[in-house]
Amino acid sequence: MCPACPPVLEARALVFSDGFLINATYALLPFVVVGIVMHQFVKRLDRGGRHADHE
Amino acid sequence: MPITSSGARRLGPLVGAGLVLGVGLGGFVDGILLHQILQWHNMLSSVTPPTNLVAMKYNMVWDGLFHALTWTMCVIGVVLLFRAGRRADVPWSGRLLFGSILGGWGLFNFVEGLIDHQLLGLHHVHPGAHQLAWDLGFVILGGIGLMLLGYLVGRTGKTAAAPGRIGSLAPATSHR
């Protein structure tokens, strides 16, 4: 395969067509959800740990 | 936060670093094992099945973008781990870190399984016969199972954790 062969160019054009933004959003979505969940969990963990240390 | 006179310990920085590393490394396991070695699915293989060269290359690009995201998570995880290691109030426990990595891996599988496989139908773990069973198995074993395992491993490290080694050599500083 070569960087400028017809199948490569065609595939690249397909990737960066109108559907790119929606597909990129779909690909990002699990990472965003996981990021929010982890952030909330770590916040709670530290808050709980501090309460436990004061008790 | 500086270490307090009561010896307050913060698990969050180490656990957070482990979780993010788990998401990144777990994503790589998915991409390398299921996408590339076994070739069970690709990122958008249920939307554009890789039945010809152009469709295969199309999926390959999306697999690459997925790997770019998992790589980014690994970099963020390493930075968070480095920052956690410099704090005196963070217990330095391999088991807590390993448990958090397993937890992050399981969380990613769980969320990715629900969103990409069930909700959006971008791809399925093992398309074809018994597709739903494979998807559910992935969410239950690879998601909930790994999170549970991570919790159990992390719990043992939580109690056995030693104070931060690097942080204990220098005055505790805030690295927010």
* In Å, rounded to the nearest 0.5 Å, how long is the span from CD of E112(B) to CG of L29(A)? -> 11.0 Å

* Asked: chain A heavy atoms under 4.5 Å from L44(B): which part of the residue, side chain, backbone, both or neither?
  -> side chain

* **Hphob cluster co-occupancy, V125(B) + V47(B), side-chain heavy atoms under 4.5 angstrom** => no

* **Any P6(A) side-chain heavy atom under 4.5 Å of V54(B) side chain** => no

* Top contributor to chain A contacts, counting heavy-atom pairs under 4.5 Å, from L69(B), T48(B), V23(B) -> L69(B)

* Taking all heavy atoms of D46(A) and all of L11(B), pick out the closest pair and write down the distance. => OD1-N, 3.5 Å

* Between T72(B) and chain A, which part of the residue has a heavy atom less than 4.5 Å away: side chain, backbone, both or neither? -> neither

* Please walk me through it: do V20(B) and M38(A) pass side-chain contact (heavy atoms from CB on, under 4.5 Å)? -> CA-CA 8 Å; V20(B) 175; M38(A) 288 190 304; 3.8 Å; yes

* Out of V34(A), L9(A), V33(A), V42(A), which one racks up the most heavy-atom pairs below 4.5 Å with chain B? -> V34(A)

* Tell me, side chain or backbone of L19(B) under 4.5 Å from chain A's heavy atoms, or both, or neither? -> both

* To do: Using the rule that two of Ile, Leu, Val, Met, Phe, Trp, Tyr join whenever any of their side-chain heavy atoms come within less than 4.5 Å, decide whether V90(B) and V153(B) are in one cluster.
  => no

* Could you give the distance from CG (L120(B)) to CG (N23(A)), rounded to the nearest 0.5 Å? -> 10.0 Å

* Inspect the surroundings of CZ in F16(A) and state if more than 12 heavy atoms from other residues, nucleotides or ligands are less than 6.0 Å away. => yes

* Asked: Do V139(B) and F31(A) share a hydrophobic cluster, counting only Ile, Leu, Val, Met, Phe, Trp and Tyr and linking them when any side-chain heavy atoms are less than 4.5 Å apart?
  -> yes

* To do: Treat each ILVMFWY residue as a node, draw an edge where side-chain heavy atoms are under 4.5 Å apart, and state whether L33(B) and F138(B) are in one component.
  => yes

* Asked: Can you tell which of F110(B), W62(B), F108(B) has the highest number of heavy-atom pairs within less than 4.5 Å of chain A?
  -> W62(B)

* Asked: Checking heavy atoms, do the side chain of A24(A), its backbone, both or neither come under 4.5 Å from chain B?
  -> both

* To do: Give a yes or no on whether L65(B) and V32(A) share a hydrophobic cluster (residues Ile, Leu, Val, Met, Phe, Trp, Tyr; joining criterion: side-chain heavy atoms under 4.5 Å apart).
  => no

* Structure fact -> Applying a strict 4.5 Å limit to non-hydrogen atoms, the region of M73(B) in contact with chain A is side chain

* Asked: Checking heavy atoms, do the side chain of F20(A), its backbone, both or neither come under 4.5 Å from chain B?
  -> both

* Just how far is it from atom CD1 of I115(B) to atom OH of Y26(A), taken to the nearest 0.5 Å? -> 11.5 Å

* Should we count CZ of F98(B) as having more than 12 external heavy atoms under 6.0 Å? -> no

